[in-house]
Amino acid sequence: MLVLSRKKNESIVINNDIVITVVEIRGDKVRLGIAAPKDVPVHRQEVYDAIHGAKAPAVTNGGPPDETDGTG
């Protein structure tokens, strides 16, 4: 995970066409503005989980290869 520090009104750019701007910082809450192409879905994590079901289990290192991906 990349961790960046930003101040109010500062932004980050993802893939040349997604801009995330810190709009407001109030106590322990940060408001973000997101400008993305209309074909890029943007959801809060809890909404994404509701749409796509529960989170996938974490990948563990050292386990057997996944036999369904053609590598095992």
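Numbering starts at 1 and runs along the sequence shown.
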Less than 3.5 Å apart, which donor and acceptor atoms pair up between the side chains of residues 4-16 and the rest of the protein, not counting sequence neighbours?
{"unit_1": "Arg6", "atom_1": "NH1", "unit_2": "Ser11", "atom_2": "O", "d": "3.2"}
{"unit_1": "Glu10", "atom_1": "OE1", "unit_2": "Lys7", "atom_2": "N", "d": "2.7"}
{"unit_1": "Ser11", "atom_1": "OG", "unit_2": "Thr21", "atom_2": "OG1", "d": "2.7"}

Discussion item. Strictly by ring-ring contact (aromatic ring centres under 6.0 Å, His included), give each pair with a member in residues 1-50 just once, sequence neighbours left out.
Written reply: Tyr48-His52
Fill in: All pairs passing salt bridge (Lys or Arg N to Asp or Glu O under 4.0 Å) where residues 28-43 contributes a residue, at least two apart
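Passing the test, one end in residues 28-43: Glu24-Arg31.
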Worksheet item: Taking the hydrophobic residues Ile, Leu, Val, Met, Phe, Trp and Tyr, and joining any pair whose side-chain heavy atoms are under 4.5 Å apart, which ones share a cluster with Val23?
Response: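 Under the 4.5 Å side-chain rule, Val23 groups with nothing.
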Worksheet item: Who else is in Val47's hydrophobic cluster (ILVMFWY, side-chain heavy atoms under 4.5 Å, direct or via others)?
Response: Ile51
Practice prompt. Examine Val19 and Leu2 and state if one hydrophobic cluster contains both, with Ile, Leu, Val, Met, Phe, Trp and Tyr joined whenever side-chain heavy atoms are less than 4.5 Å apart.
Written response: no
